[in-house]
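Counting begins at 1 with the first residue of the sequence.
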Amino acid sequence: MTIDYMGLSEEIRTQTDIVGIISDYVELKKAGTNYKGLCPFHTEKTPSFMVSPQKQIFHCFGCGTGGDVIAFIMKHEHLSFVEALQLLAQRCGIKFTPQPADQRWAATPSGVEGSEKRAIFLQILATAREFYVEMLKKSQVANQYLKNRGIIPDVIDRFSLGFAPEGWDNLYRYLKHKGFSDIDIKQTSLVYQKEQSIYDVFRNRVTFPITNLHGQTIAFGGRVINDGQPKYLNSAESALFKKKLVLFGLSLARESITKSGYAIVVEGYLDVIVCVQYGFVNVCAPLGTALTEEHVKTLKRHTRQVCVVFDGDDAGLRAAKRALTILYKNGISGKALLLPKKDDPDSFLRANGAEAFKQMLLRSRGLVDFFLAAGGYGMDNFRELYACISDVDDAVLRGSLIAELSNKASISEGVLRDDLRRVKPSRPVQSAQPPPTVKMSMEETLLNLCLCFPDGLKIVRERLSLDCLSKNLIRRVFDALIHRSVAPTFDSLSRIFNPDEMAYISGFMLEPAIDTDNIDKNIEDYVKCIKKQVLEKDMSVVIDRLRKADPATDNDEIQELLSRQMQLKRQMCKL
């Protein structure tokens, strides 16, 4: 069986922390939200090598090297793409053995063949999503079910909810009609074969598209609308879909999580959907599994604050403790909220409203408070709490938990530290340093702003012709972002641009080059300056031609040039 190297590389990127990997090779120090150090790829005395934990990329502003964790390992260890994947997979516990037939990957980091197959799968899943959405519009029963659950049309559209109608193979026949092959359809886990017949996986269910961080559909969930079983059903795992890596709703919640400073993690599809309907947009949920370390590593790219919300029964209590343990172990300050028994966010919000839920969130508790409130001050509970704190890798966070427990349990910090035998010594915190200053052209600064603040792409789309951009690569990046539905992330762009191009692009993704106040106004100003620069260049050509023209013989040309000169002046005045 041919290995899906594109899917494998995405899984590895999700499970590895680029700061942790590069720290094995480079001494990194905190620099604002990023880390910096001396570049391992060229000799320098002043650090110009930057690593972004949020975006999981690196870039050296001295030699121009940049990329993701795979690119770093390839360059530093002088490995092929497959060899770098093997090394990183081994580090994060993923088992795979490259096959001789796939050695073409050794020399092609972009993986053209795997990328083409992946594109077909994504197209099939997008087509299925459209089919389900159309079926929902035609189903009175499914619409009545959603109405009974209180789901409004705007939210139905936001999440692209759909309906898989009754019948054995409606979706399969539709996909075949669209020209997709049996083998490709089956590999997306939308259908299954039994004897000589092929059947749809989802039948008589409301469907929930499951998306990756780029908003691409990679699987589906389905909720039966009668008394059938199972009540909820997810797509089987595939090359595109691994449950332990995916959080439902995260692609829609990312911006809100960043703005609010924290994420709410609930348990199910409808919990997410109803939370959004009531104004809590920074919400996501695992897909039928407990919160995993892989989920937490994904969340950590967007926030260091997470509130988990569970039902108030014994199972919810155990899940909350486990979730808090995983969050703190991975350097995230977590809080937990237990709702009243027999309530979940869906039922609680519909019964009590947004303000009541907001007040409940304000009463959520951190690790120490939650354990003490749930288990009291007995030694068994202390030992369980000790075990959780001792697993926290972040020395500063671990130290604050020890101090908090000492204060609230009236136990000296010395006694606690002695008891926590596995506690690691705290390291001094490095003061933040600004990233190195790099002089950019206006075009480069505009790209930098739009990669750091993607909403600015709308201004570029509406007000700037890409022909005004003189640098070919920058023009191609803007074209991909504006016209080809590529997300402004390293992973998404790397599917189009080669590693050398991504090394250049990564330098614009780390930090905004100018003050982040009035971003839209700054982007508008750069658009105007670029347009003005083009007009001035055209004007210079016109003036030069006028200077060389002979009034005796070139009267028609002179009139044409004067007309063009007036046109350019009017365009400048409008800027």
Side-chain angles (χ1 to χ4, degrees), residues 125-171 174 190 200-211 215 217 219-235 247-253 256 264-288 309-312 339-361:
L125 288 156
T127 304
R129 175 172 171 164
E130 293 168 1
F131 172 78
Y132 290 143
V133 167
E134 285 303 312
M135 290 301 100
L136 178 61
K137 294 176 182 177
K138 298 176 181 179
S139 173
Q140 187 174 356
V141 174
N143 277 288
Q144 187 61 48
Y145 169 80
L146 291 172
K147 186 176 181 180
N148 292 343
R149 296 299 298 254
I151 311 300
I152 62 175
D154 284 351
V155 174
I156 291 173
D157 292 341
R158 179 183 178 89
F159 285 91
S160 296
L161 302 188
F163 177 61
E166 290 185 295
W168 294 109
D169 60 355
N170 291 295
L171 175 63
Y174 181 79
L190 291 171
D200 293 347
V201 168
F202 297 100
R203 302 187 299 272
N204 198 33
R205 291 177 181 271
V206 171
T207 58
F208 308 87
I210 298 167
T211 63
T217 302
F220 289 91
R223 206 287 187 190
V224 70
I225 61 173
N226 53 26
D227 296 327
Q229 293 295 327
K231 185 183 292 185
Y232 286 97
L233 179 67
N234 286 330
S235 294
L247 289 158
F248 178 74
L250 183 57
S251 63
L252 295 173
S256 178
I264 302 170
V265 177
V266 293
E267 291 191 86
Y269 301 112
L270 286 170
D271 292 332
V272 171
I273 290 167
V274 173
C275 278
V276 170
Q277 183 165 310
Y278 279 82
F280 301 91
V281 185
N282 54 325
V283 63
C284 57
L287 293 158
V309 182
F310 291 98
D311 303 350
L339 293 172
K341 289 185 178 180
K342 298 183 180 179
D343 258 330
D344 53 27
D346 174 13
S347 61
F348 184 89
L349 278 162
R350 287 191 286 120
N352 302 284
E355 184 59 33
F357 189 67
K358 181 180 178 182
Q359 293 304 315
M360 292 291 286
L361 288 172

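- Scanning all heavy atoms of the two residues, the minimum distance from Ile210 to Gly221 falls at CD1-N, 3.8 Å.
- The closest side-chain heavy-atom distance from Pro340 to Met360 is below 4.5 Å.
- The shortest distance between side-chain heavy atoms of Val276 and Leu252 does not fall below 4.5 Å.
- In this structure, Ile225 and Asn204 have side chains that are in contact, with non-hydrogen atoms separated by less than 4.5 Å.
- A distance-only check finds a donor-acceptor pair linking the side chain of Asp271 to the backbone of Asp346 [under 3.5 Å].
- Residues Arg350 and Arg149 share a closest heavy-atom pair of CD-O, 3.2 Å.
- In this structure Ala354 satisfies the side chain to side chain contact (heavy atoms under 4.5 Å, CB included) test together with Tyr278, Phe280, sequence neighbours excluded.
- Using a 4.5 Å cut-off on side-chain heavy atoms (C-beta onward), Trp168 and Asp200 make no contact.
- Separating the CZ atom in Arg223 from the CG atom in Leu270 is a distance of 7.5 Å, to the nearest 0.5 Å.
- Counting only distance, with no hydrogens or angles, the side chain of Ser347 and the backbone of Asp344 share a donor-acceptor pair below 3.5 Å.
- The distance from the CG atom of Leu161 to the CD1 atom of Ile151 is 7.5 Å, given to the nearest 0.5 Å.
- When side chains are defined from C-beta on, Asn282 counts as touching Ile264, because their heavy atoms get closer than 4.5 Å.
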Which atom pairs, one a donor and one an acceptor, fall under 3.5 Å between side chains of residues 135-143 and the rest of the protein, sequence neighbours left out?
residue: Lys137; atom: NZ; partner: Glu134; partner atom: OE2; Å: 3.1
residue: Ser139; atom: OG; partner: Ala142; partner atom: N; Å: 3.0
residue: Asn143; atom: ND2; partner: Leu136; partner atom: O; Å: 2.5
residue: Asn143; atom: ND2; partner: Ser139; partner atom: O; Å: 2.8

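- Relative orientation of the Tyr174 and Phe131 rings is tilted, given thresholds of 30° and 60° on the angle between their planes.
- Gln277 places a side-chain N or O within 3.5 Å of a backbone atom of Gly150 that can act as its donor or acceptor partner.
- Under the side chain to side chain contact (heavy atoms under 4.5 Å, CB included) criterion, Gln359 pairs with Glu355, Leu362, Arg363, sequence neighbours left out.
- Smallest separation of non-hydrogen atoms from Gly215 and Arg129: O-NH1, 4.0 Å.
- Between Tyr145 and Phe163 the shortest side-chain heavy-atom distance does not fall below 4.5 Å.
- Looking at heavy atoms from C-beta onward, Phe202 lies out of side-chain contact with Leu171 at the 4.5 angstrom threshold.
- For Arg203 (side chain) and Asp169 (main-chain N/O), no donor-acceptor pair under 3.5 Å exists by modelled atom type.
- Leu361 places a side-chain heavy atom less than 4.5 Å from the side chain of Val309.
- Atoms CG and CG, from Asp343 and Asp311 in turn, are 8.0 Å apart once rounded to the nearest 0.5 Å.
- Closest non-hydrogen pair, Arg205 versus Val224, comes out as NH1-N, 3.3 Å.
- Separation of atoms CG (Leu339) and NZ (Lys341) is listed at 13.0 Å; rounding is to 0.5 Å.
- A donor-acceptor pair is defined here as one N or O able to donate and one able to accept, closer than 3.5 Å; such a pair exists between the side chain of Ser235 and the backbone of Phe220.
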